[in-house]
Amino acid sequence: MAKLTRDDVLHLAQLARISLSDDELDEFSVELSAILQYVEQLGGVDVDGLKPTNQVTGLTNVMRSDIVKDYGYAPQDLLGNVPAVQDNQLKVKRMIA
Amino acid sequence: MADWESIAEIAAKVRKGELKASDLVEKSLAAIAEKDEFKAIIVTTAERARERAKAVDAGDNKGRLAGVPFIAKDNFLVFGAETTAASNILKGFDAPYQATAVERLEAEGAICVAKANLDAFAHGSSTENSDFFTTKNPHDPTRVPGGSSGGSGAAVALDLAPFALGTDTGGSIRLPASFTGTVGYKPTYGLVSRSGVVAMASSLDVVGPLTSRVEDAALVLDVMAGKDELDSTTIDRDPAGYAGVSGDLKGKKIGIIKEYMGEGLQPGVRIQIEQAVQKIKQAGADVQEISLPSLPLALAVYYIICPAEVSSNLSRYDGQRYGYSYADAGNLDESYNGSRERGFGKEAKRRVIIGTYVLSSGYYDAYYKKAQTVRTKLINEFAGAFKQVDFLLGPTAPMTAFKIGENADDPLQMYLTDIMTVAANLAGVPAISLPCGADKPADADSELPVGLQIIAPQRADRELLAVAVATEEVLA
């Protein structure tokens, strides 16, 4: 039976790039273990010969012509919500020290 | 009940000049101000709505929804106000373009007057997960309106506008419709474009209307439905359309879902559903009990697939592209971690962590792939059921609206609210919740609405709406 320890939750939070408080780590290890125990009822279900479903209406490879279309938006409009912009580009913190 | 005439009647009168769009917009804005205590609305788009109403009155738009005010759940990108999805991380987000659904409604003359509250990012069944405030149920303000489109359901029940837009990933249109006594329509997966709608779980999300009448839901769907080059998952609309359908229950084969009528059903909900079934039988329908044995597994499947897709969709909120950005970060990792820590509420964090777990190497096969395979089993059972009957029927939820705070400390208990709605999303089939009487449970001071759910095969939206019109008539 899956049980998420505090350390497991911390590791998952690091993978998902979310800092969690000490309280949240404790709370989540209890709550998420309960949720995982609930979903584990699927473990015993017989699915012999069945394939996983990824798309319910049966669409595959929806293509369009590779043509640039003008939707009438200036780059500045689309960058209006970006926290930091320089020369019409997203500005982020240094990645390589 | 409804304070508004049918949408078709309102638009016809606007086109003839008997009603003014400006008056309709003012009526809606006045109702929003007057019913503010229910907290259905996050923000109005008053200024833009008034401008658009003037243009309609000047003759610029004689469309099928001319002058009809509506309210959009705040996860639709709409001009004239910020789009937050009721989350702190999107506070201040100014939509650079509009959702296709909104564009299509506006092209027919409809006017968005406000943005409705929801559980942040549509994660929830009560609006209690909104990062801002909880919406109150119009029938009993100590109770939730359902969720996640709880603001939209309350708005329609309070007559704030003739219709509201919602999204439904695991029941988020149908559950609030059930709890607020309104009509909620979840179309076939892909029938309405999701371009410009804040994504939750992309293999499940659909857009649909909440209304006072089935007829109104059919008209709104008709305007929104069909392919959109901006959403590659969209499907063709029914060439016959969806508006103005009328139906007859006579000879229709209807299967009562055995698994939804079992233990755990609130006694008063059972009574209302059984009475409705009697009336449907009297109207000439051929009713039988039908079993889909894997239905009790649907919620477990859902709570693997949904958080997996949520964890992926929410990765874009990283503090770099848009939305809240943690200003005191020393490096990029601190900026990611700090922005997401401060910007996301508890439920978003829960779902991202579970999703990250079920998708992580070593667990992927046991959880995610297994869930997607049980999903196939469920789809096959729906297909088998629809060989025997035209429609499936049952309650929308096992209970009436619960008290604010009642499930707040137990996320699993909250998830169980969706137990009768998630299967339709997993199978991609259309489903509707119709008002079906009321029940006064022991702890309630007033009668609370009950919802009846009807489910149809994929792409049978027109047939479903027609049978819903007929059912609405026999239940009236």
Side-chain angles (χ1 to χ4, degrees), chain A residues 2 4 8-9 11-21 24 27-28 31-32 34-43 45-59 61-64 69 71-74 76-84 90-95 97, chain B residues 92-94 96-97 188-190 203 229 232-233 235 294 297 299-301 303-304 311 315 318-323 325 329-333 335-338 340-341 344 346 349-350 352-354 356-357 360 366-367 369-377 379-380 411-412 415 426-428 458:
Chain A
L4 289 182
D8 293 334
V9 177
H11 175 62
L12 291 165
Q14 283 164 349
L15 289 175
R17 300 287 188 275
I18 301 180
S19 297
L20 295 179
S21 67
E24 282 175 328
E27 228 174 280
F28 283 8
E31 287 171 359
L32 303 191
I35 293 165
L36 286 177
Q37 277 166 30
Y38 178 80
V39 302
E40 274 177 5
Q41 59 180 292
L42 299 185
V45 179
D46 179 15
V47 289
D48 248 16
L50 295 178
K51 286 183 178 158
T53 296
N54 294 301
Q55 213 286 339
V56 281
T57 53
L59 294 176
N61 295 339
V62 178
M63 309 291 245
R64 62 166 172 79
K69 266 192 166 175
Y71 284 90
Y73 304 115
Q76 294 88 315
D77 297 341
L78 297 171
L79 290 166
N81 289 293
V82 179
L90 276 71
K91 189 178 171 186
V92 299
K93 302 256 180 218
R94 179 190 290 269
M95 290 188 204
Chain B
F93 182 85
D94 188 16
Y97 59 92
T188 297
Y189 179 81
S203 81
E229 62 176 9
S232 60
T233 61
I235 57 172
S294 296
L297 302 170
L299 197 71
V301 173
Y303 273 102
I304 292 172
S311 74
S315 63
D318 60 1
Q320 318 304 315
R321 302 156 211 236
Y322 40 74
S325 185
N331 57 45
L332 189 61
D333 250 347
S335 177
Y336 290 148
N337 281 299
R340 288 159 70 78
E341 176 192 10
F344 284 144
K346 237 175 209 177
K349 290 176 185 171
R350 258 184 217 118
V352 168
I353 301 289
I354 297 184
T356 304
Y357 179 73
S360 58
Y367 288 100
K369 197 173 167 196
K370 183 71 186 246
Q372 293 283 54
T373 313
V374 179
R375 184 179 190 176
T376 305
K377 193 178 173 91
I379 290 169
N380 292 347
L412 185 56
Y415 293 175
L426 292 169
Q458 273 189 16

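Per chain, numbering begins at 1; letters A, B, ... match sequence-line order.
- The closest donor-acceptor contact from the side chain of B/Gln372 to the backbone of A/Thr53 lies under 3.5 Å.
- Proximity to chain B (any heavy atom under 4.5 Å) is restricted, for A/Leu4, to the side chain, taken from C-beta onward.
- Of the possible polar contacts, one joining the B/Gln458 side chain to the A/Val56 backbone as a donor-acceptor pair under 3.5 Å is found.
- Looking only at side-chain heavy atoms (C-beta outward), B/Tyr367 and A/Leu36 come within less than 4.5 Å of each other.
- Among the candidates B/Val374, B/Val352, B/Asp94, the residue making the largest number of heavy-atom pairs closer than 4.5 Å to chain A is B/Asp94.
- With respect to the salt-bridge test (charged N to carboxylate O, under 4.0 angstrom), the residues B/Arg340 and B/Asp318 do not qualify.
- Interface residue B/Leu299: backbone and side-chain heavy atoms are both found under 4.5 Å from chain A.
- Between B/Gln320 and B/Leu332, the closest side-chain pair of non-hydrogen atoms falls below 4.5 Å.
- Side-chain atoms of B/Lys370 come within 3.5 Å of backbone atoms of A/Val45 as a donor-acceptor pair (strictly under, hydrogens ignored).
- For chain B, the nearby part of A/Phe28 is the side chain; its heavy atoms alone come within less than 4.5 Å.
- Contact tally against chain B (heavy-atom pairs below 4.5 Å) for A/Val82, A/Ile18, A/Val62: the top residue is A/Ile18.
- Using a 4.5 Å cut-off between heavy atoms, A/Leu59 touches chain B through its side chain atoms alone.
- For B/Thr233 (side chain) and B/Gly190 (main-chain N/O), no donor-acceptor pair under 3.5 Å exists by modelled atom type.
- Ranking B/Tyr303, B/Phe344, B/Tyr415, B/Tyr189 against chain A, the residue ahead of the rest is B/Tyr189, based on heavy-atom pairs under 4.5 Å.
- For B/Asn380, the part lying near chain A is the side chain, with the backbone staying farther off; criterion is any non-hydrogen pair under 4.5 Å.
- Of all the listed residues (A/Ala84, A/Ala16, A/Gly80), the one sharing the greatest number of non-hydrogen pairs under 4.5 Å with chain B is A/Ala16.
- With respect to chain B, the highest number of heavy-atom pairs below 4.5 Å among A/Leu32, A/Thr57, A/Ile35 belongs to A/Thr57.
- For chain B, the option among A/Leu42, A/Asp77, A/Leu15 with the highest count of heavy-atom pairs below 4.5 Å is A/Leu42.
- We find that A/Arg64 and B/Glu229 are not joined by a salt bridge, their nearest charged nitrogen and carboxylate oxygen being 4.0 Å or further apart.
- For chain B, the nearby part of A/Leu90 is the side chain; its heavy atoms alone come within less than 4.5 Å.
- Under the 30°/60° scheme for interplanar angles, the aromatic rings of A/Tyr73 and B/Tyr97 are found to be tilted.
- If you measure heavy-atom distances from B/Ile235 to chain A, the contacts under 4.5 Å come from the side chain alone.
- Proximity to chain B involves both the backbone and the side chain of A/Asn54, based on heavy atoms less than 4.5 angstrom apart.
- Between atom CD of residue A/Glu31 and atom CD1 of residue B/Ile353 there is a gap of 12.0 Å, rounded to the nearest 0.5 Å.
- Both the backbone and the side chain of B/Ala371 come within contact range of chain A, each with at least one heavy atom under 4.5 Å from a heavy atom of that chain.
- Tested against B/Asp333, the residues A/Arg17, A/Arg94, A/Lys93 include a single salt bridge (charged side-chain N to carboxylate O under 4.0 Å, His left out) partner, A/Arg17.
- Per-residue counts of heavy-atom pairs under 4.5 Å with chain A were compared for B/Ser325, B/Ser203, B/Ser232; the largest is that of B/Ser232.
- With chain A as partner, the option from B/Thr373, B/Ile379, B/Ile354 having the largest number of non-hydrogen pairs under 4.5 angstrom is B/Thr373.
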